[in-house]
Protein chains: 4
Amino acid sequence: MPDTPARPPSGMEGINGLTAASFVSAFGDLFEHSPWVAVAVARSRPFTTARMMHDAMIAHVRQAAPDDQLALVRAHPGLAGQEAADGVLTADSTVEQSRLGFTRLTRADAEDLAGLNLRYRERYGFPCIVALARHATRESVVEAMRRRLPADPSDERATAIQEIGHITAARLAGRLGRAGGALSIHALDISRGGPAPDLAFELHRNDGGGWRCLAARRTDASGRTGGPLLSGLDMEPAAYRIDYHVGDYHRAQGEGGSFLDIVPIAFRISEPGVHYHIPIQFTPWAYATYRGS
Amino acid sequence: MPDTPARPPSGMEGINGLTAASFVSAFGDLFEHSPWVAVAVARSRPFTTARMMHDAMIAHVRQAAPDDQLALVRAHPGLAGQEAADGVLTADSTVEQSRLGFTRLTRADAEDLAGLNLRYRERYGFPCIVALARHATRESVVEAMRRRLPADPSDERATAIQEIGHITAARLAGRLGRAGGALSIHALDISRGGPAPDLAFELHRNDGGGWRCLAARRTDASGRTGGPLLSGLDMEPAAYRIDYHVGDYHRAQGEGGSFLDIVPIAFRISEPGVHYHIPIQFTPWAYATYRGS
Amino acid sequence: MPDTPARPPSGMEGINGLTAASFVSAFGDLFEHSPWVAVAVARSRPFTTARMMHDAMIAHVRQAAPDDQLALVRAHPGLAGQEAADGVLTADSTVEQSRLGFTRLTRADAEDLAGLNLRYRERYGFPCIVALARHATRESVVEAMRRRLPADPSDERATAIQEIGHITAARLAGRLGRAGGALSIHALDISRGGPAPDLAFELHRNDGGGWRCLAARRTDASGRTGGPLLSGLDMEPAAYRIDYHVGDYHRAQGEGGSFLDIVPIAFRISEPGVHYHIPIQFTPWAYATYRGS
Amino acid sequence: MPDTPARPPSGMEGINGLTAASFVSAFGDLFEHSPWVAVAVARSRPFTTARMMHDAMIAHVRQAAPDDQLALVRAHPGLAGQEAADGVLTADSTVEQSRLGFTRLTRADAEDLAGLNLRYRERYGFPCIVALARHATRESVVEAMRRRLPADPSDERATAIQEIGHITAARLAGRLGRAGGALSIHALDISRGGPAPDLAFELHRNDGGGWRCLAARRTDASGRTGGPLLSGLDMEPAAYRIDYHVGDYHRAQGEGGSFLDIVPIAFRISEPGVHYHIPIQFTPWAYATYRGS
């Protein structure tokens with residue numbers, strides 16, 4: 001199976017230390033049939049995080065010559081297209097198309113999709129690329145394709161590259177053992193016996209050289225955040241710290257002493273493919289945390 | 001009672017904002033009958049902490065002309081001496097001498113002490129000054145006096161100024177409402193069900209401009225420290241943070257994952273005259289803290 | 001709206017204290033057009049719990065004369081049947097049929113269902129009764145109806161009464177403000193940093209006269225239980241206690257001292273329509289709990 | 001050293017299972033030179049607790065014939081008396097008299113004490129027996145002896161037996177490895193950030209057959225109790241439970257919901273010679289406990 005790469009190192013230290021050849025061997029297939037992206041980015045190392053490395057790859061694609069961009073976009077298979085019928089999909093594409101059932105369509109659905117693909121390709125000159133992982137159902141994919149049919153051609157090429165960005169980020173997360181990883185929180189006000197809504201906090205990561213703020217957020221009505229704070233490619237193994245503005249929270253409710261103000265919760269993510277759920281329970285005078293599940 | 005000063009502001013912001021006259025009015029009597037110390041130091045403001053302000057006072061005394069130093073030392077009353085008999089002790093001195101019973105000695109004890117005082121004054125030319133607050137019993141004071149009788153005269157003047165430093169620090173702590181204040185900790189390893197010995201930690205204070213490390217220590221066999229981390233004059237109202245090296249502690253025992261490494265506990269001291277006892281209970285995966293008593 | 005009863009008392013003390021007439025007024029419509037069930041059970045009061053009161057109602061139906069049973073069963077409307085078309089559904093039935101869309105079927109679906117209803121009624125002599133709240137989709141309801149078509153007629157009458165039991169239990173839960181209420185747990189082993197699987201525990205309720213064991217269970221691999229421990233009608237306002245066999249859990253892992261054995265967590269449910277989530281975090285030497293969300 | 005007994009079993013199960021001869025061998029010397037007490041009580045086994053066993057011993061002495069009582073009392077050495085001078089003190093008496101310095105008196109003190117002993121013995125016909133462990137200083141012992149000189153002779157014999165009770169309870173605690181053991185608590189209201197004063201609680205022990213209330217108490221202003229809840233002989237290895245009336249505590253302050261009412265904290269004492277400090281931190285909605293130190 002020439003498509004299956006050797007497992008790359010999971011941490012950036014290991015990746016930064018690879019020879020250019022090994023780097024290309026490990027990441028050359030992230031971009032469909034286009035190892036030139038990895039070849040170029042190998043020279044830009046070191047990177048602090050995998051996200052930054054991926055950002056560099058996408059930036060390189062965006063700055064590439066129009067013909068190179070077009071070649072990359074055209075290197076992608078159509079959805080449920082000829083490549084699948086001929087059995088020449090890459091391993092990644094096979095997995096991605098299978099999840100939503102594009103590899104086992106009814107005849108009617110297959111014909112509908114073929115028609116859509118044809119109209120798209122006639123208009124723009126390249127196959128319609130959709131980051132399937134961002135869709136929950138096949139219907140949602142087909143609807144997105146229909147919406148993109150009447151776009152401006154030059155806008156649509158940017159859209160195609162954006163979708164390639166989503167696809168390759170997910171592929172890289174998988175290569176680095178981060179698929180399925182997530183960081184979530186839950187804040188409980190145990191003086192009141194319920195969730196702590198509207199609690200401001202910041203998430204920081206220690207990138208070796210110091211603490212860097214990744215996000216400044218507030219909890220929702222359930223004391224949580226809508227989605228995870230981190231997931232997939234962003235689950236960089238590192239030290240993290242969440243600063244909860246517990247003092248402001250209590251002052252907003254007209255209560256609390258001044259004992260606790262900003263409560264820092266510090267922890268290390270070392271298994272980036274795992275769900276870290278880290279709740280906090282607090283009063284104006286006490287708090288507790290633990291690794292939940 | 002002309003000796004009783006108006007209550008000064010308790011925070012450094014207030015103290016730094018006083019006019020020179022008000023500053024001297026508030027702190028001129030810290031040094032026995034020697035307002036010149038406060039007069040000089042009023043011009044060196046602002047100070048970040050009361051300890052720094054007191055350090056500046058002592059530095060000023062150490063750099064003063066020899067005659068001024070001698071005048072300051074001589075301004076102190078003898079222990080159970082003529083001033084007490086004549087009722088002309090300052091308010092501070094009265095409280096200090098009363099605590100250990102120097103104001104109600106038996107005739108025999110009074111005669112012993114008078115003899116000691118006389119020999120000391122004959123040898124050095126100034127009264128024997130002892131920071132009574134650092135002694136638990138009258139016997140301990142008397143023993144210290146005996147030990148100091150055979151010293152070198154120039155060394156002994158430095159010793160007298162050092163004792164004046166202790167006396168005035170305690171007086172200033174009292175003026176600022178910090179007498180009786182303390183910060184103590186207790187670390188419990190609730191995976192093992194006992195105290196956490198030999199746990200490294202640092203105490204930091206946020207002096208407005210950032211975090212400053214005040215001490216780097218280890219817990220003793222009982223998971224505590226010998227004495228309080230802060231007390232008296234050092235109980236500066238401010239934000240504090242204790243960084244516990246929980247990861248190192250667990251690694252030293254050959255256990256623990258890598259989830260918790262340095263655990264920061266952040267809190268504010270706003271009542272500097274009160275005892276803050278702040279325990280931590282931890283495992284390799286969880287921790288809790290609260291304001292204890 | 002003659003179908004809407006006055007809100008009954010929510011606690012059993014209040015219900016036990018109602019006059020027979022008020023009791024029938026409050027609960028006479030639980031059983032479709034059959035207040036005789038409430039009339040009979042009013043005389044059997046007091047009941048300790050609402051579940052026991054409902055059990056008595058069902059027992060009364062099971063012991064009723066065959067003609068009375070038949071009349072009760074026949075009093076129920078068909079699914080998407082003539083009563084809905086004529087607008088004479090009871091308020092309860094309207095809500096129940098609307099949830100899954102039985103009141104707004106396509107013509108094709110309506111015809112299918114009418115056929116099923118007809119064949120069922122021809123075979124058994126009464127309408128097909130399904131406790132809709134126990135089904136997530138209309139398809140699941142229709143499948144259940146098909147499965148019941150070939151049954152033995154005397155078995156099928158028992159099945160109809162069983163379904164009526166489910167329907168009336170849900171109605172009673174609604175009357176008493178318990179719809180949506182639930183009790184769930186989550187056990188975390190904070191020495192190991194993960195869920196505590198296979199932890200034995202018992203749930204007890206204090207029924208005034210003492211503690212009564214309601215269930216003896218074990219946590220699953222996620223430290224939870226498959227569904228809630230209590231929900232709906234069983235959310236009796238009372239004192240509860242969960243006894244966790246933490247000592248056995250640790251012994252099974254070859255660890256832990258003997259400090260904690262059975263850990264009791266006691267709490268009161270006073271809002272039976274609310275979700276009580278009550279996690280426990282423990283080591284062999286410590287534990288904590290809180291009302292979560 | 002014929003005075004040193006073989007170490008007895010530490011749990012009541014083991015003690016109840018001893019042959020009569022082994023029981024007397026283990027406990028015959030608790031009562032000074034009077035193995036007849038152990039001989040009698042050996043037949044009254046089984047006992048649930050060591051305290052109950054000791055109570056049976058004292059009851060047997062109280063019901064003994066006057067001559068036997070007198071013989072027991074007379075078997076005790078005087079304080080700093082002839083037995084010490086002759087080197088014939090029992091091992092227990094030597095340790096007890098040494099602690100307060102009775103074995104190394106100045107001549108003046110020895111003469112005073114000899115006078116007191118003589119007057120006491122002339123008046124009552126037996127030596128003055130004092131449970132030294134209940135006194136902190138020699139002065140306190142001497143003062144107690146002086147107070148007892150003018151008593152009524154029949155009262156004084158009862159007093160002597162009472163003192164023998166204290167002495168033998170401490171000896172038995174030592175034999176069973178319970179000297180130094182203690183149970184203490186500390187209740188903290190972490191909604192308010194301070195101790196929880198006036199919190200009612202009961203201490204229960206599970207004596208195999210069920211829970212038995214040992215004490216009903218309230219916390220003091222510091223959230224503690226004046227002395228330990230259990231100590232010495234009463235540190236029976238067993239399961240214990242403390243029921244804290246947290247609901248009443250919050251209601252008395254006009255706050256708190258109804259989620260927590262009586263909070264049970266259950267634990268096992270298995271090392272009766274050790275200090276168990278078991279704090280509780282609570283809000284109206286959460287609580288935590290751990291084995292402290």
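Chain letters run A, B, ... following the sequence lines, proteins first, then strands; residues in each count from 1.
When the heavy atoms of residues 216-235 of chain C are compared with those of chain A, the residues falling under 4.5 Å are Ser222(C), Arg224(C), listed by number. Applying a 4.5 Å heavy-atom cutoff, the residues of residues 286-293 of chain C that approach chain A are Tyr290(C), Arg291(C), Gly292(C), Ser293(C).
Looking at residues two or more places apart in sequence or on another chain, you find a side chain to side chain donor-acceptor pair (under 3.5 Å) between Ser270(C) and Ser258(D). Residues meeting the side chain to side chain donor-acceptor pair (under 3.5 Å) test with Tyr249(A), sequence neighbours left out: Asp189(A), Gln253(A).
At most 12 non-hydrogen atoms from other residues, nucleotides or ligands lie less than 6.0 angstrom from CZ of Arg212(C). Shown here is Arg146(A), whose CZ atom has no more than 12 heavy atoms of other residues, nucleotides or ligands within 6.0 Å.
With a 4.5 angstrom heavy-atom cutoff, His186(C) touches chain A only via side-chain atoms.
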